[in-house]
Amino acid sequence: MRHLAGLLLAGTLAVGLASPAGAIETSEFGIEAQSPVTDAGGRPRFVAEVAAGRATSVAVRVWNKSDGAVTVALTVVPATVSPDGPASLEGDTEPVRWVSLAEEEIHLAPGEDRTLDVLVEGPRHLEDRPRTVAVVAQAADAGSSAGADSPAVLQRLALIAYLEPVAGGVPGLGLLPWVAGALALAVAGWAASARHRDSEAAPATALT
């Protein structure tokens, strides 16, 4: 059963974690992981595997549950999940740079749903620990229809993505580029020195 997130007023943001069905929604739209992974406690999670130096792809589904057209804007932001469960949209910004969305704004007709690819590109130097980010979905026209004296209703959902490191990536090169560069310079210096010695040893040619 989908979890219905509460509507929020003027600038307030709530983080929606996946419900037992792996979906969260407002009164107008919803979002869920396309293929949630069940953790040890039987809870569905939005998991993306990250390999050093390689790109992987996962997907989310966004739908319009209203009777009118909806434009949903999507972004990736930092997220922190505490050990006892609650999440907040703050924390390490590094993993945000690994994640990109195939589309950052989608237009949905009444009752329409769309699948959106989420690309994760692991850095060459990848620490062996999970990271978290959030895919935030927000009505692009939020507040545009509110009157001057009425607070704007802000409908936003945040789907927490767990970035789990896996083996099989391209490891960081470490000191290899420096060693290779030094070796190339040494070889070039030896070749130049050899050419100089050969030129000194060669007999002079008389010009007439």
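All values derive from a computational prediction rather than experimental measurement.
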*Asks:* What's the spacing between Thr75 OG1 and Leu101 CG if we round to 0.5 Å?
*Replies:*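 Taking OG1 in Thr75 and CG in Leu101, the distance rounds to 7.5 Å.
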*Asks:* Please report the closest heavy-atom contact between Ala59 and Thr115, naming both atoms and the distance.
*Replies:*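 Scanning both residues, the minimum pair turns out to be CB-CG2, 3.8 Å.
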*Asks:* When rounded to the nearest 0.5 angstrom, what is the spacing between CG in Leu126 and CZ in Arg54?
*Replies:*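 One finds 12.5 Å between CG of Leu126 and CZ of Arg54.
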*Asks:* Can you check whether Thr26 reaches Leu157 side chain to side chain, under 4.5 Å on heavy atoms?
*Replies:*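 Yes, at least one pair of side-chain atoms sits under 4.5 Å.
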*Asks:* Nearest 0.5 Å, what's the CD1-CG distance between Ile24 and Leu159?
*Replies:*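 That separation rounds to 5.5 Å.
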*Asks:* Could you give me the CA-CA distance, side-chain angles and deciding distance for Val47 and Leu163, then say whether side-chain contact (heavy atoms from CB on, under 4.5 Å) is met?
*Replies:* CA-CA 6 Å; Val47 175; Leu163 310 181; over 6 Å; no
*Asks:* Is there a side-chain contact (heavy atoms from CB on, under 4.5 Å) between Val60 and Val118 once you walk through the steps?
*Replies:* CA-CA 7 Å; Val60 297; Val118 180; 4.2 Å; yes
*Asks:* Can you tell me how far apart CD (Gln34) and CG (Leu116) are? Round to the nearest 0.5 Å.
*Replies:*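 Atom-to-atom, Gln34:CD and Leu116:CG are 10.5 Å apart.
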*Asks:* Thinking salt bridges, do Glu164 and Arg129 make one under a 4.0 Å N-O criterion?
*Replies:*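 No, Glu164 and Arg129 are not salt-bridged.
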*Asks:* Kindly determine whether Phe29 and Gln155 satisfy side-chain contact (heavy atoms from CB on, under 4.5 Å), including the steps that lead there.
*Replies:* CA-CA 9 Å; Phe29 63 90; Gln155 300 189 74; 4.1 Å; yes
*Asks:* Which atom pair, heavy atoms only, marks the closest approach of Val70 to Glu28?
*Replies:*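 Val70 and Glu28 have their closest heavy atoms at CG2-OE1, 4.2 Å.
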*Asks:* Okay, side chain of Asp113, backbone of Val62: is any donor-acceptor separation there less than 3.5 Å?
*Replies:*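 Absent.
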*Asks:* Checking Thr56 side chain against Glu49 main chain: does a donor-acceptor pair fall under 3.5 Å?
*Replies:*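 Yes, Thr56 side chain to Glu49 backbone: donor-acceptor pair under 3.5 Å.
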*Asks:* Just jot down the salt bridge (Lys or Arg N to Asp or Glu O under 4.0 Å) partners of Arg97, sequence neighbours excluded, or say none.
*Replies:*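 Testing Arg97 for salt bridge (Lys or Arg N to Asp or Glu O under 4.0 Å), a comparison that skips the adjacent residues, returns none.
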*Asks:* Over all heavy atoms of both residues, which pair between Ala48 and Val120 is shortest? Give the atoms and the distance, please.
*Replies:*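 Nearest heavy atoms, Ala48 then Val120: CB-CG2, 3.9 Å.
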*Asks:* Would you say the side chain of His125 lies within less than 4.5 Å of the side chain of Pro123, judging by non-hydrogen atoms?
*Replies:*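 Contact flag for Pro123/His125 side chains = no.
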*Asks:* His107 and Arg114: which non-hydrogen atoms are nearest, and at how many Å?
*Replies:*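 Answer, listing the atom of His107 first, then Arg114: O-NH1, 3.7 Å.
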*Asks:* Rounded to the nearest 0.5 Å, how far apart are CD1 of Ile106 and CD of Glu112?
*Replies:*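 Rounded to the nearest 0.5 Å, the CD1-CD separation comes to 8.0 Å.
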*Asks:* Restricting to non-hydrogen atoms, name the atom on Pro110 and the atom on Asp67 that form the minimum distance, rounded to 0.1 Å.
*Replies:*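 That closest heavy-atom pairing would be CG-O, 3.4 Å.
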*Asks:* Does any non-hydrogen side-chain atom of Leu74 lie less than 4.5 Å from one of Val136?
*Replies:*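 No, too far: nothing below the 4.5 Å cut-off.
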*Asks:* Return the set of residues passing salt bridge (Lys or Arg N to Asp or Glu O under 4.0 Å) with Asp92 (not counting sequence neighbours), or none when no residue passes.
*Replies:*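 Applying salt bridge (Lys or Arg N to Asp or Glu O under 4.0 Å) to Asp92 gives Arg131.
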*Asks:* Checking Trp63 against Glu25: is there a side-chain donor and acceptor pair closer than 3.5 Å?
*Replies:*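 Per modelled atom types, Glu25 and Trp63 side chains form a pair under 3.5 Å.
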*Asks:* Going by salt bridge (Lys or Arg N to Asp or Glu O under 4.0 Å), name the residues that satisfy it together with Glu105, two or more places apart in sequence or in a different chain.
*Replies:*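 Result, salt bridge (Lys or Arg N to Asp or Glu O under 4.0 Å) vs Glu105: none returned.
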*Asks:* For Pro78 and Val96, which heavy atoms make the closest approach, and how far apart are they?
*Replies:*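 Scanning both residues, the minimum pair turns out to be N-CG2, 3.4 Å.
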*Asks:* Verify side-chain contact (heavy atoms from CB on, under 4.5 Å) between Val81 and Ile160, making sure each step is shown before the conclusion.
*Replies:* CA-CA 8 Å; Val81 180; Ile160 304 300; 3.8 Å; yes
*Asks:* Has Thr132 got a side-chain atom pairing as donor or acceptor with Ala79's backbone, closer than 3.5 angstrom?
*Replies:*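 Such a contact is found between Thr132 side chain and Ala79 backbone.
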*Asks:* Can you check whether Phe46 reaches Val135 side chain to side chain, under 4.5 Å on heavy atoms?
*Replies:*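 Result yes, sub-4.5 Å side-chain heavy-atom pair found.
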*Asks:* Rounded to the nearest 0.5 Å, what's the gap from OG on Ser57 to CG on Leu119? Could you check?
*Replies:*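 Nearest 0.5 Å value for the OG-CG distance: 6.0 Å.
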